[in-house]
2 protein chains.
Amino acid sequence: MVKTLGTPRHQSLIAMLVEKREASGLTQTQLATRLGEYQSFVARLESGQRRVDVIEFIDLANILGFDPAAAIKRLSAEPN
Amino acid sequence: MVKTLGTPRHQSLIAMLVEKREASGLTQTQLATRLGEYQSFVARLESGQRRVDVIEFIDLANILGFDPAAAIKRLSAEPN
DNA sequence: CAAGTCGTATCTGAATTTAAGATAACTGGA
DNA sequence: TCCAGTTATCTTAAATTCAGATACGACTTG
């Protein structure tokens with residue numbers, strides 16, 4: 001039984017990451033390669049087993065083609 | 001000899017956190033209390049000994065009174 | 001149905017990071 | 001100098017993270 005990060009905001013964050021990756025047509029493996037990481041890294045991120053660092057988040061936004069500032073704005077408007 | 005996070009962006013991020021905390025007139029101890037953490041937690045954050053989580057960053061922005069989205073925008077405009 | 005492929009999830013043990021709490025070090029004022 | 005407030009650093013246990021392997025599930029094709 002693995003521990004995951006459970007606040008609503010964190011759930012919302014990782015839901016968005018998954019959504020954006022899928023919208024971009026990348027697989028976990030492809031995204032991982034662009035990040036210089038392993039597929040299991042992305043899997044852990046997306047399953048809430050690993051915290052998302054601010055700088056990593058910006059990198060993810062660049063790769064996945066979304067605006068990190070807008071995403072943060074939406075996130076910070078959410079409860080919690 | 002302690003390991004620190006060294007990318008320019010990360011340096012810039014933590015420089016901003018320090019600046020905002022000081023501008024807000026809070027001590028590390030006061031900020032830590034509001035975060036529900038110890039003073040050494042804030043010290044480690046501000047000295048680059050600990051990564052800054054996205055959600056934590058939003059919390060910090062709320063406490064320190066800056067706009068997290070604007071901060072992310074500035075950060076993502078920087079090199080690296 | 002069997003076998004292969006593709007994508008994602010999960011496991012393992014080791015390495016790294018983080019934490020609490022204590023304490024040291026620095027700073028400015030009386 | 002002494003003290004009080006603030007920040008930095010240390011220690012060691014606990015928690016997280018990692019690479020890599022492997023399992024799983026959905027699809028496809030013969």
Side-chain angles (χ1 to χ4, degrees), chain A residues 1-66 68 71 75 80, chain B residues 1-66 68 71 75 80:
Chain A
M1 190 30 178
V2 184
K3 163 156 291 185
T4 57
L5 305 167
T7 71
R9 265 191 191 157
H10 194 90
Q11 290 303 318
S12 167
L13 167 64
I14 66 188
M16 179 179 74
L17 289 179
V18 174
E19 178 192 312
K20 294 296 186 181
R21 176 181 59 77
E22 292 178 344
S24 79
L26 291 177
T27 65
Q28 288 185 346
T29 303
Q30 291 170 328
L31 173 55
T33 298
R34 297 217 198 176
L35 288 168
E37 301 282 353
Y38 281 77
Q39 176 264 334
S40 57
F41 174 90
V42 175
R44 286 198 319 274
L45 268 191
E46 293 186 352
S47 60
Q49 289 171 57
R50 186 192 186 284
R51 292 178 306 161
V52 184
D53 179 80
V54 173
I55 307 301
E56 278 171 0
F57 180 73
I58 294 175
D59 294 339
L60 283 166
N62 287 338
I63 294 175
L64 298 180
F66 66 89
L75 262 183
N80 254 3
Chain B
M1 185 36 177
V2 184
K3 163 154 290 184
T4 57
L5 304 167
T7 71
R9 265 191 192 156
H10 195 90
Q11 290 304 316
S12 167
L13 167 64
I14 66 187
M16 178 178 76
L17 289 179
V18 174
E19 179 192 309
K20 294 295 186 182
R21 176 181 59 79
E22 291 178 345
S24 79
L26 291 177
T27 66
Q28 289 185 345
T29 302
Q30 291 170 327
L31 174 55
T33 298
R34 298 217 196 176
L35 288 168
E37 302 282 353
Y38 280 77
Q39 176 265 332
S40 58
F41 173 90
V42 176
R44 276 181 296 115
L45 267 192
E46 293 186 351
S47 59
Q49 288 169 59
R50 187 192 187 283
R51 291 180 306 159
V52 184
D53 179 79
V54 173
I55 308 301
E56 278 171 1
F57 180 73
I58 293 175
D59 293 339
L60 283 166
N62 287 338
I63 294 174
L64 297 180
F66 66 89
L75 262 184
N80 252 1

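Chain A is the first sequence line, chain B the second, and so forth, proteins listed ahead of strands; every chain is numbered from 1. Because only heavy atoms are used, hydrogens play no part in the values below, and waters and symmetry mates are left out as well, while side chains stay in.
The side chain to side chain contact (heavy atoms under 4.5 Å, CB included) test applied to B/Leu64 returns B/Lys20, B/Arg21, B/Ser24, B/Leu26, B/Leu31, B/Phe66, not counting sequence neighbours. With sequence neighbours excluded, no residue forms a side-chain hydrogen bond (donor to acceptor under 3.5 Å, both in side chains) with B/Thr7. Judged as a side chain to side chain contact (heavy atoms under 4.5 Å, CB included), and not counting sequence neighbours, the contacts of A/Ser40 are A/Tyr38, A/Arg44. B/Arg50 meets the side-chain hydrogen bond (donor to acceptor under 3.5 Å, both in side chains) test with B/Glu56; sequence neighbours excluded. Not counting sequence neighbours, the partners of A/Asp59 by the salt bridge (Lys or Arg N to Asp or Glu O under 4.0 Å) test are B/Arg9. In this structure A/Thr4 satisfies the side-chain hydrogen bond (donor to acceptor under 3.5 Å, both in side chains) test with no other residue, sequence neighbours excluded. Not counting sequence neighbours, A/Gln11 has no partner by the side-chain hydrogen bond (donor to acceptor under 3.5 Å, both in side chains) test.
For the segment residues 7-15 of chain A, no residue has any heavy atom less than 4.0 angstrom from an atom of DNA chain D.
The distance between atom CD of B/Glu56 and atom C1' of D/dT16, rounded to the nearest whole Å, is 13 Å. With rounding to whole Å, B/Arg51 atom CZ is found 11 Å from D/dC18 atom C1'. A/Leu35 places its CG atom 15 Å from the C1' atom of D/dC18, with the value rounded to the nearest Å. To the nearest angstrom, C1' of D/dA15 lies 9 Å from NZ of A/Lys3.
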In B/S/- notation, 5' to 3', how is nucleotides 5-10 of chain D contacted by protein heavy atoms closer than 4.0 Å?
-SBBB-

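Residues B/His10 and B/Val52 form a side-chain contact, since some pair of their non-hydrogen atoms from C-beta on lies under 4.5 Å apart.
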